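Scroll down for the structure; my scribbles are underneath it.
Since we're looking at a predicted model, the values are computed, not measured. Reminder, nothing fancy here: chain letters follow the sequence lines and each chain counts from 1.
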2 protein chains.
Amino acid sequence: MVKKAGREFTIRDVARSAEVAVGTVSRVLNDHPSVTRDVRERVQRAIASLGYERNAVAQSMRSARTHMIACAIRDFDIPGYVSYVKEAERIFRAADYTFLLASTANDKAVELSLLRKFAQRRVDGVMMTISDENDPELIAAVEQAKMPLVLIDREMIQSVDRVAADHRSGARQATDYLLSLGHRRIALFVGDPHAHPSRSRIAGYRDAFRAAGLEPDPSLIRDHSLSNEFTFRETAALMQRPEPPTAVFVAGIDMLAGAMRALKAAGLAIGRDVSVVSGGDSDLAELSTPAITALQWDRAEMGRHAAQMLLDRVTGRTTEPPRCVRVPVSLVVRESCRPPR
Amino acid sequence: MVKKAGREFTIRDVARSAEVAVGTVSRVLNDHPSVTRDVRERVQRAIASLGYERNAVAQSMRSARTHMIACAIRDFDIPGYVSYVKEAERIFRAADYTFLLASTANDKAVELSLLRKFAQRRVDGVMMTISDENDPELIAAVEQAKMPLVLIDREMIQSVDRVAADHRSGARQATDYLLSLGHRRIALFVGDPHAHPSRSRIAGYRDAFRAAGLEPDPSLIRDHSLSNEFTFRETAALMQRPEPPTAVFVAGIDMLAGAMRALKAAGLAIGRDVSVVSGGDSDLAELSTPAITALQWDRAEMGRHAAQMLLDRVTGRTTEPPRCVRVPVSLVVRESCRPPR
DNA sequence: GACCAATTTGGAACCGGTTCATTGACCAAT
DNA sequence: ATTGGTCAATGAACCGGTTCCAAATTGGTC
């Protein structure tokens, strides 16, 4: 790390060195056609010999575009979850946008503060999740954002573009499946019901019961937090009841580990003692013994849609009203569910 | 997403509205002491009523500091790996730096291009991994970076700060353990041996054999790629040999899934038919049946060190020569290893 | 009331690009 | 020889903050 002594070279240094005007250097940098080959080469030689690097800050200043896209997600290290971010990053990189990734811990204060920081940085577009789709402050912040914004896995705020997995259908499929095996006491774990995924999952769960002419035990719906600790504690508590659930549907995308840890500690075998469905697929679900039945959707497609929608807004290709893209969810049946004993 | 019509308000609009000079507004924004309460309040009212947001681009332009830290890592979705990034982000956020996260796919071209983009954006500091510590182009790019830079899990380039887990010791412990159980044909899977982790792991593996007065079978050292597909294929191929290994040490941080998939497909039971040690701990390792013995280190501490070292450089608190912080690695013994049959 | 020092405020220059009106050079047509 | 048109290149203004010197104001002292 060579601590730089003097200031860096500017376009004016290049101009002086190549004996041309600053405007000419700018045109060379931007591949403007009206530069003779001779001059262009002279400028390029000067750039190379000085080791000049264009200053994106100054460029943004004048052009009022930063070519930055900000993305804020709940948490980085949710296995598999980040795949959609990866795909989005790929697309933005290809379109020559710098991708700025931040995590929010699902915390409203962090979300608001990030949104503000993004605005101050004048990023060209934002892709994010928010913790609560009903919070007036969050709604206002999202709606009044000065840059195009795409919400991920959120559905309610109609005035912005959205991409969401069809969690209602997913939860319906999972619950249908468990009901068809004969389960009636099916525990449902979801996060805070204020955001779309949890709300939709609860709806899908209820849909399935209703369609079967049954009524779910409301005390088995545990909607509070997405954290692993929560899932661990709740699983442990539920399984100690006199009439424990015969099946557990851990609907949050990263809840499986918490539930498995609790079941392991309680000495309960998945499949034999209790059936388990995971709301998100992962290596853990696939490679456990027995392998865990899980809900699955095309995460890359989600990222692709989000990135494409955002790019269309940022570049002005689209001025149509905001829309919501829904990604289908399907159930991968493995070995973790059997009829209750 | 309200598409903004006119241009945004500037400090001059605020000045006009509050009937003060632009310099005064700037002073209010930066909490400069020499502003009377009266004027400060008038300016703040104007800011609020206009909905003015400070333009970080213009600010960076003048101050030559962007308050951005860039981070480039191999891949976002390596379970657990990202914990150190999370911790670093937390620290940078607390210090009022914006964190810019990118992935490189362990690809030299991407690494070089990102480093260049970071330079153009004039980020204040960089935290990253590189695919090959011996590549002259990469070395040059890292050494000539105009901003402070910390390498993660790389050791060789002495002219920059580094934070690395002690993979040599980790591999030594894992191999010692397998040797002590009586294994002799121990397959080792690592990534490209040009980067520190793989090189160190191979060294640790050899150390253990040498200390036991044994010679490892070189054909069992599979150093080529970190990808899951590679691990899958190699595991499958090795287990089909006439004399297959009795133990597999998947030393890469995210190789376990690939190996497990191959063993499952081959109908081999971990523990009974083949012993397995994972080079990185994860939910998958902990919750598999049997639970997988794995190497572990404090990832948050790694992130903390990296962030702190970088901040010290960025803020000029440190001008001492670059150093390398080594994070200890330990072996968590679980149930996946038994003496060979 | 005069004077001086300290504090507050004003406003121009500056950061490093982009853009555009203007100039200059060259060629073809009249 | 003059005019018109095209194409290259020039250089000043501009983007929106920060900074710093100068000017204005305040307060205290004699």
*Send over the distance from Asp38(B) CG to dT7(C) P, rounded to a whole Å.*
19 Å

*Only counting residues at least two apart or in another chain, list the ones meeting side chain to side chain donor-acceptor pair (under 3.5 Å) with Asp31(A).*
none

*Under 4.0 angstrom, heavy atoms only, what part of the nucleic acid is Val20(B) near: base, sugar-phosphate, or nothing?*
sugar-phosphate

*Output all residues satisfying side chain to side chain donor-acceptor pair (under 3.5 Å) with Gln308(A), sequence neighbours left out; order by chain, then residue number.*
none

*asked:* Tell me the interatomic distance from Arg42(B), atom CZ, to dT8(C), atom P, rounded to whole angstroms.
replied: 15 Å

_Length of the NE2-P vector between His32(A) and dA9(D), whole Å_ = 11 Å

*In terms of side-chain heavy atoms, does His196(A) have a donor or acceptor partner in Glu155(A) at a distance below 3.5 Å?*
yes

_Global bending angle along the helix from dG1(C)-dC30(D) to dT30(C)-dA1(D), which compares the axes of five pairs at either end, to 10 degrees_ = 60°

*Could you pull out all residues at least two apart from Met61(B) that satisfy side chain to side chain contact (heavy atoms under 4.5 Å, CB included)?*
Val57(A), Ala58(A), Met61(A)

*asked:* Restricting to side chain to side chain contact (heavy atoms under 4.5 Å, CB included), what partner residues turn up for Val39(B), sequence neighbours left out?
replied: Val20(B), Thr24(B), Val35(B), Thr36(B), Arg42(B), Val43(B)

*Pairs involving residues 99-156 of chain B, ordered by first then second residue, that meet ring-ring contact (aromatic ring centres under 6.0 Å, His included) (sequence neighbours left out)*: Phe92(B)-Phe99(B)

*asked:* Classify Val39(B) by what it touches in the nucleic acid, base, sugar-phosphate, or nothing, heavy-atom distance under 4.0 Å.
replied: sugar-phosphate

*asked:* Show me the pairs that pass side chain to side chain donor-acceptor pair (under 3.5 Å) and involve residues 64-77 of chain A, at least two apart or across chains.
replied: Thr66(A)-Asp124(A), Asp75(A)-Lys86(B), Asp77(A)-Lys86(B)

_Each nucleotide in nucleotides 13-19 of chain C should get exactly one letter: B, S or -. Can you fill that in based on protein heavy atoms under 4.0 Å?_
BBBBBBB

*List in chain and number order the residues that pass side chain to side chain donor-acceptor pair (under 3.5 Å) with Asp312(B), two or more places apart in sequence or in another chain; answer none if no residue qualifies.*
Arg317(B)

